[in-house]
Q: 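Sharing a structure with you now.
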Amino acid sequence: QVQLMESGGGLVQAGGSLRLSCAASGNFFSIAALGWYRQAPGKQRELVAAITSSGYTNYADSVVGRFTISRDNAKNTVYLQMNSLKPEDTAVYYCNLRLPGGSPYWGQGTQVTVSS
């Protein structure tokens, strides 16, 4: 069983930065695909950024150039550095972990609120 714990959310003014962290339990972190999703009120959950076990990354068009996903396999942690935040980035952010051939695991979410 994998458990994910996000941290780093909060309230920030537009143009500011936040760094989200997601720590995972278990011994298979290095082979997992990882991602950050977000869900705003009244909207569907959407992929923000993802990183494969080999370090390949991809981003939603809306965050390209502003957000960076990274992973530290020694710490079983994935990060999302968010710069130049906009009010439309306001959402609950969820960490996602997927092992090869397995179902995804989700964290409990962390609120990010960007004020204008």
Side-chain angles (χ1 to χ4, degrees):
Q1 184 73 11
V2 175
Q3 293 184 326
L4 303 173
M5 181 64 68
E6 299 107 333
S7 61
L11 174 64
V12 64
Q13 289 188 333
S17 298
L18 284 174
R19 188 194 197 201
L20 305 183
S21 300
C22 175
S25 64
N27 299 319
F28 302 101
F29 186 85
S30 63
I31 64 170
L34 304 165
W36 286 97
Y37 289 71
R38 67 186 180 188
Q39 188 166 18
K43 295 188 177 181
Q44 289 188 328
R45 190 173 297 189
E46 63 175 357
L47 176 67
V48 176
I51 185 167
T52 67
S53 58
S54 57
Y56 176 80
T57 59
N58 68 287
Y59 297 91
D61 289 344
S62 60
V63 306
V64 169
R66 300 189 298 122
F67 291 11
T68 302
I69 188 171
S70 61
R71 63 190 296 162
D72 185 337
N73 290 339
K75 296 182 178 180
N76 278 18
T77 301
V78 59
Y79 304 97
L80 185 68
Q81 178 67 44
M82 305 186 294
N83 299 327
S84 302
L85 282 161
K86 304 176 181 180
E88 51 263 43
D89 294 318
T90 295
V92 178
Y93 283 70
Y94 297 90
C95 176
N96 172 278
L97 180 150
R98 188 187 296 267
L99 295 171
S103 299
Y105 294 91
W106 294 92
Q108 83 288 350
T110 185
Q111 177 71 46
V112 171
T113 303
V114 184
S115 63
S116 58

Q: Please collect all ring-ring contact (aromatic ring centres under 6.0 Å, His included) contacts where either partner lies in residues 73-106, sequence neighbours excluded, each pair once.
A: Tyr37-Trp106
Q: Nearest 0.5 Å, please: how far is CD in Gln81 from CD1 in Ile69?
A: 12.5 Å
Q: Given the rule that I, L, V, M, F, W and Y join up when any side-chain heavy atoms are under 4.5 Å apart, are Val48 and Val92 in one cluster?
A: no
Q: Strictly by salt bridge (charged side-chain N to carboxylate O under 4.0 Å, His left out), give each pair with a member in residues 66-82 just once, sequence neighbours left out.
A: Arg66-Asp89
Q: What pairs with Phe67 under ring pair (Phe, Tyr, Trp, His ring centres under 6.0 Å), at least two apart in sequence or on another chain?
A: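 Partners of Phe67 under the ring pair (Phe, Tyr, Trp, His ring centres under 6.0 Å) test: none.
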Q: Between Ala32 and Leu99, which heavy-atom pair has the shortest distance, and what is it?
A: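 Of all heavy-atom pairs spanning Ala32 and Leu99, the closest is CB-CD2, 3.8 Å.
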Q: Could you tell me the separation between the CE atom of Met82 and the CZ atom of Arg19, rounded to the nearest 0.5 Å?
A: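 The CE atom of Met82 sits 11.5 Å away from the CZ atom of Arg19.
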Q: Restricting to pairs with a member in residues 107-116, which pass salt bridge (charged side-chain N to carboxylate O under 4.0 Å, His left out), not counting sequence neighbours?
A: none
Q: Can you tell me how far apart CG (Leu80) and CG (Leu34) are? Round to the nearest 0.5 Å.
A: 12.0 Å
Q: Going from CD on Gln13 to OG on Ser116, what distance comes out if it is rounded to the nearest 0.5 angstrom?
A: 9.5 Å
Q: Please report the interatomic distance OG1(Thr52) to CG(Asn58), rounded to the nearest 0.5 Å.
A: 9.0 Å
Q: With sequence neighbours excluded, what pairs up with Ala23 under the side-chain contact (heavy atoms from CB on, under 4.5 Å) test?
A: Thr77
Q: Identify whether Val112 and Leu47 are in the same connected component of the hydrophobic contact network (ILVMFWY, side-chain heavy atoms under 4.5 Å).
A: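 No; tracing contacts between hydrophobic side chains, which count when under 4.5 Å, never links both residues.
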Q: Between Gln3 (side chain only) and Ser25 (backbone N and O only), is there a donor and an acceptor less than 3.5 Å apart?
A: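 A pair under 3.5 Å: no.
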Q: Which atom pair, heavy atoms only, marks the closest approach of Asn76 to Gly26?
A: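 Looking at all heavy atoms of both residues, the shortest contact is ND2-O, 3.0 Å.
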Q: Which pair of non-hydrogen atoms, one from Asn83 and one from Ser17, has the smallest distance, and what is that distance?
A: OD1-OG, 2.9 Å
Q: Measure the spacing between SG of Cys95 and CE of Met5 and express it to the nearest 0.5 Å.
A: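 Here the interatomic distance stands at 11.0 Å.
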Q: Is there a side-chain contact between Leu11 and Gln111 in this structure, where contact means two heavy atoms from C-beta onward sitting under 4.5 Å apart?
A: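 Answer no - side chains too far apart.
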Q: Can you see which heavy atom on Leu20 is nearest to which on Gly9, and at what distance?
A: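 Of all heavy-atom pairs spanning Leu20 and Gly9, the closest is CD2-N, 3.6 Å.
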Q: For residues Trp36 and Val78, determine if any side-chain heavy atom of one lies less than 4.5 Å from a side-chain heavy atom of the other.
A: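 When only atoms from C-beta onward are counted, Val78 and Trp36 do touch, with a gap below 4.5 Å.
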Q: Between Tyr56 and Val63, is there a shared hydrophobic cluster once you connect ILVMFWY residues whose side-chain heavy atoms come closer than 4.5 Å?
A: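 Hydrophobic grouping puts Tyr56 apart from Val63.
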Q: Just by modelled atom types, is the Val114 backbone N or O under 3.5 Å from a matching donor or acceptor in the Thr90 side chain?
A: yes
Q: Do any N or O atoms from the side chain of Gln39 and from the backbone of Ala91 form a donor-acceptor pair under 3.5 angstrom?
A: no
Q: The criterion is salt bridge (Lys or Arg N to Asp or Glu O under 4.0 Å); which residues satisfy it with Glu46, sequence neighbours excluded?
A: Arg38
